[in-house]
Chemist: 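Have a look at the structure that comes next, please.
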Amino acid sequence: MKKLTTAILLALAAGSALAQVPQGYPADYQKLVDAAKKEGKLVVYGATDSKATQPLIRDFSALYPGITVEYNDMNSTEVYNRFISERAAGGNTADVMWSSSMDLQLKLAAEGSALQYKSVEAAQLPAWAIWEHKAYGTTFEPAAIVYNKRLLAANEVPQTHDDFVRLIQQPKFRDKVTTYDIEKSGVGFMFMTRDAAAYPKFAELQKAFGVAKVRVQSSTGTMMERISSGENLIGYNVLGSYALVRAKTDPSIGVVLPKDYTQIMSRVVFINKAARNVNAAKLWLDYMLSKRGQTIIANESKLYAIRADVTGETTSADLVKAIGQANVKPIPVNPSVLDYLAPAKRMAFLKGWKETAGKK
């Protein structure tokens, strides 16, 4: 994910043909469309690469001409920090927040920043992906183990968390293991704290990272570059949506979805309760959750669509089939993900990480 903020401005002239209400939507939905066209603008803060977001913006603009979409691409921690600082200052900020850091998104929503809006598409989502019609999951993305296929033998490739723990303590992997910098990466911190709850041998995992002298990075892209080049041999909790797509074109990249359990992250979207362009924001949320928007996510953005009725290159149905329903562990879109965000608990977790996994 890029650290630098970028803006994508895609719009069609306000005088373009009247946008059509999607088939099956309520008859009065046209009022929402008309109100959004009068606003004429939508501001989105997101932690999804601009390249993956462009197809959605292009299609949304074609569906609703006259609405300019400004997309600001940041990492997950920057999305959160920019929103809260701008809100505190009383200045302009996002209409819509969309981030892979589920815990930070739910923190904002639970603290009153999210507008309650029952999407017309809500019934098509799994129950775990909706919280009080304020926050919605939009994708179905696994936490993966990524390795260098040229430098690891087939019998070395770990298939479970236990395998990974044993493997990285071998001398070959010293200084060759990478994962997220959990102090800087919101999604990295969330994945690791969820591991602490899901994996009975988490203390052993931390110690193994310490033995390997793990190298941490703040982005998925950097981890995959270093694994591909051989600078690192293996990566842990790498965002699988990006890794699986890259593996199709990079012969050095191999991806494992752990067979004991695979965490599933969903990029959470919510509408700012104080949104200046609230109607455009509602259109965008409905579009992202619609079969049309989810088909774009699956086939062009390649972020793994959450809807079970979507077909394409990257879908939740495909992942469930590959992993096995019993081993799929979705992280729920609800305040249970906030447990480790309490300052004292966060600091204690980071302290434990530094004292074991972070040892150099």
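Note that the numbering runs from 1 along the sequence shown for the chain. Both backbone and side-chain heavy atoms feed into the values below; hydrogens, waters and symmetry mates do not.
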Chemist: Kindly write out the residues that satisfy side-chain hydrogen bond (donor to acceptor under 3.5 Å, both in side chains) with Gln116, not counting sequence neighbours, or none if the list is empty.
Modeler: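 Listed in chain order: nothing, the list is empty.
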Chemist: So, for Val69 and Ser61, which heavy atoms are closest and what is the spacing to 0.1 Å?
Modeler: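 Scanning both residues, the minimum pair turns out to be CG2-OG, 4.4 Å.
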Chemist: Just so I know, are the side chains of Leu303 and Tyr242 near enough to count as touching, which here means a heavy-atom distance under 4.5 Å?
Modeler: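 Yes, their side chains come closer than 4.5 Å.
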Chemist: Is it the case that the side chain of Asn232 and the backbone of Glu225 share a donor-acceptor pair, with hydrogens and angles ignored and the cut-off at 3.5 Å?
Modeler: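 Answer holds: no.
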Chemist: Once rounded to the nearest 0.5 Å, what's the spacing between atom OG of Ser219 and atom CE of Met224?
Modeler: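 Output value for this atom pair is 8.5 Å.
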Chemist: Is any side-chain heavy atom of Leu56 closer than 4.5 Å to a side-chain heavy atom of Trp98?
Modeler: yes
Chemist: Would you check if the side chain of Glu39 reaches a backbone N or O of Asn279 as a donor-acceptor pair within less than 3.5 Å?
Modeler: yes
Chemist: Give a yes or no on whether Val310 and Val328 share a hydrophobic cluster (residues Ile, Leu, Val, Met, Phe, Trp, Tyr; joining criterion: side-chain heavy atoms under 4.5 Å apart).
Modeler: no
Chemist: Just so I know, are the side chains of Val337 and Thr193 near enough to count as touching, which here means a heavy-atom distance under 4.5 Å?
Modeler: no
Chemist: Evaluate side-chain contact (heavy atoms from CB on, under 4.5 Å) for Ser101 paired with Thr77, printing each intermediate quantity in order.
Modeler: CA-CA 8 Å; Ser101 185; Thr77 303; over 6 Å; no
Chemist: With a 4.0 Å cut-off on N to O distance, would you call Asp95 and Arg276 a salt bridge?
Modeler: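 So Asp95 does not pair with Arg276 through a salt bridge.
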Chemist: Taking atom types as modelled, find out whether Asp162 and Tyr199 have a side-chain donor-acceptor pair closer than 3.5 angstrom.
Modeler: yes
Chemist: Which heavy atom in Thr138 sits nearest to a heavy atom in Gln294, and how many Å separate them?
Modeler: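 Between these two residues, the closest heavy atoms are O-NE2, 3.0 Å.
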Chemist: For Ser241 versus Pro142, what's the shortest heavy-atom pair and its separation?
Modeler: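 Closest heavy-atom pair between Ser241 and Pro142: N-CD, 4.2 Å.
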Chemist: Locate the shortest heavy-atom distance separating Arg194 from Pro332; write the atom from each residue and the value.
Modeler: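 Minimum heavy-atom separation between Arg194 and Pro332: NH2-CD, 3.5 Å.
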Chemist: Starting from the C-alpha separation in whole Å, work towards a yes-or-no answer on salt bridge (Lys or Arg N to Asp or Glu O under 4.0 Å) for Arg215 and Glu231.
Modeler: CA-CA 10 Å; Arg215 301 302 177 184; Glu231 182 177 348; over 6 Å; no
Chemist: Between Met74 and Val96, is there a shared hydrophobic cluster once you connect ILVMFWY residues whose side-chain heavy atoms come closer than 4.5 Å?
Modeler: yes
Chemist: Is Phe191 close to Tyr236 at the side-chain level, that is, under 4.5 Å between some pair of heavy atoms?
Modeler: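 In short, these two side chains do not touch, never coming nearer than 4.5 Å.
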Chemist: Can we say Lys51 and Asp49 salt-bridge, meaning some charged N sits less than 4.0 Å from an Asp/Glu carboxylate O?
Modeler: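 No, this pair does not count.
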Chemist: Could you state the interatomic distance from CG (Asp73) to OH (Tyr45), rounded to the nearest 0.5 Å?
Modeler: 13.0 Å
Chemist: Just verifying a value: how many Å separate Lys329 NZ and Thr262 OG1, rounded to the nearest 0.5 Å?
Modeler: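 The NZ atom of Lys329 sits 10.0 Å away from the OG1 atom of Thr262.
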Chemist: Are Phe189 and Ile84 grouped together when hydrophobic residues (ILVMFWY) are joined by side-chain heavy atoms under 4.5 angstrom apart?
Modeler: yes
Chemist: State, without any angle test, whether Thr222 and Gln217 hold a side-chain donor-acceptor pair at a distance under 3.5 Å.
Modeler: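 Per modelled atom types, Thr222 and Gln217 side chains form no pair under 3.5 Å.
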Chemist: Can you tell whether the side chains of Arg166 and Glu204 come within less than 4.0 Å, N to carboxylate O?
Modeler: no
Chemist: Short question: side chain of Thr179, backbone of Val216 - any donor-acceptor pair under 3.5 Å?
Modeler: no
Chemist: Going through the distances and angles, do Thr178 and Ile227 end up as a side-chain contact (heavy atoms from CB on, under 4.5 Å)?
Modeler: CA-CA 8 Å; Thr178 187; Ile227 294 168; 4.0 Å; yes
Chemist: If you look only at pairs with a residue in residues 329-348, which of them pass as a ring-ring contact (aromatic ring centres under 6.0 Å, His included), with sequence neighbours excluded?
Modeler: Tyr340-Phe349
Chemist: Going by the angle between their ring planes, with limits at 30° and 60°, are Tyr136 and His133 parallel, tilted or perpendicular?
Modeler: tilted
Chemist: Taking all non-hydrogen atoms of both residues, which atom of Val187 and which atom of Ser100 are closest, and how far apart?
Modeler: CG2-O, 3.8 Å
Chemist: Can you confirm if the aromatic rings of Trp131 and Phe270 lie within a centre distance of less than 6.0 Å?
Modeler: no
Chemist: Donor-acceptor check, side chain of Thr356 to backbone of Gly352, threshold 3.5 angstrom: yes or no?
Modeler: yes
Chemist: Side chain of Asn148, backbone of Leu151: donor and acceptor closer than 3.5 Å?
Modeler: yes
Chemist: Would you kindly confirm whether Tyr80 and Tyr71 end up in one hydrophobic cluster when ILVMFWY residues are joined by side chain heavy atoms under 4.5 Å apart?
Modeler: yes
Chemist: Taking Thr139 for its side chain and Ser266 for its backbone only, find out whether a donor-acceptor pair lies under 3.5 Å.
Modeler: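 Answer holds: no.
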Chemist: Under a 4.5 Å cut-off applied to non-hydrogen side-chain atoms, are Leu32 and Lys282 in contact?
Modeler: yes
Chemist: Once the angle between the rings of His161 and Tyr261 is folded into 0 to 90°, is it parallel (under 30°), tilted (30 to 60°) or perpendicular (over 60°)?
Modeler: parallel
Chemist: Can a side-chain donor-acceptor contact be found between Asp286 and Tyr25 if the only test is distance below 3.5 angstrom?
Modeler: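 The answer is no; no qualifying pair exists.
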Chemist: Is the backbone of Glu121 close enough, under 3.5 Å, to the side chain of Gln124 for a donor and an acceptor to pair up by distance?
Modeler: no
Chemist: Side chains of Arg346 and Pro343, heavy atoms from C-beta outward: is any pair under 4.5 Å?
Modeler: no
Chemist: Measuring from atom NZ of Lys107 to atom CG of Leu338, what distance do you get when rounded to the nearest 0.5 angstrom?
Modeler: 8.0 Å
Chemist: Enumerate the residue pairs fulfilling salt bridge (charged side-chain N to carboxylate O under 4.0 Å, His left out) with a member in residues 289-301, sequence neighbours excluded, ordered by first and then second residue.
Modeler: Asp59-Arg292
Chemist: With a 4.5 Å limit on heavy-atom distance, are the side chains of Phe164 and Pro258 in contact?
Modeler: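 No, side chains not in contact.
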Chemist: What's the spacing between Phe140 CZ and Thr314 OG1 if we round to 0.5 Å?
Modeler: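 One finds 12.0 Å between CZ of Phe140 and OG1 of Thr314.
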Chemist: Looking at Arg150 and Ser228, would you say the former's side chain and the latter's main chain have a donor-acceptor pair under 3.5 Å?
Modeler: yes
Chemist: Assess the residue pair Phe209 and Met192 against the criterion (side-chain contact (heavy atoms from CB on, under 4.5 Å)); give the C-alpha distance rounded to whole Å, side-chain angles, the decisive distance to 0.1 Å, and a yes or no.
Modeler: CA-CA 12 Å; Phe209 277 130; Met192 202 64 74; 4.3 Å; yes
Chemist: Could you pull out the closest heavy-atom pair between Gly230 and Leu233, with the gap in Å?
Modeler: O-CD2, 4.4 Å
Chemist: If we ignore hydrogens and angles and just use 3.5 Å, is the side chain of Asp163 paired with the main-chain N or O of Gln159 as donor and acceptor?
Modeler: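 Answer holds: yes.
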Chemist: I'd like to know if Lys31 pairs up with Asp34 as an ion pair, taking the criterion as any Lys NZ or Arg NE/NH1/NH2 lying under 4.0 Å from an Asp or Glu carboxylate oxygen.
Modeler: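 A salt bridge is absent here (no side-chain N lies under 4.0 Å from a carboxylate O).
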Chemist: Counting distance only, does the side-chain N/O of Asp181 pair as donor-acceptor with the main-chain N or O of Ser218 below 3.5 Å?
Modeler: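 Absent.
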Chemist: Looking at CG of Leu108 and NZ of Lys273, how far apart are the two atoms once the value is rounded to the nearest 0.5 Å?
Modeler: 13.5 Å
Chemist: Working note: Tyr117 + Val278, criterion side-chain contact (heavy atoms from CB on, under 4.5 Å); need CA distance, chi angles, decisive distance, verdict.
Modeler: CA-CA 10 Å; Tyr117 172 64; Val278 66; over 6 Å; no
Chemist: Does some side-chain heavy atom of Asn272 sit less than 4.5 Å from a side-chain heavy atom of Met97?
Modeler: no
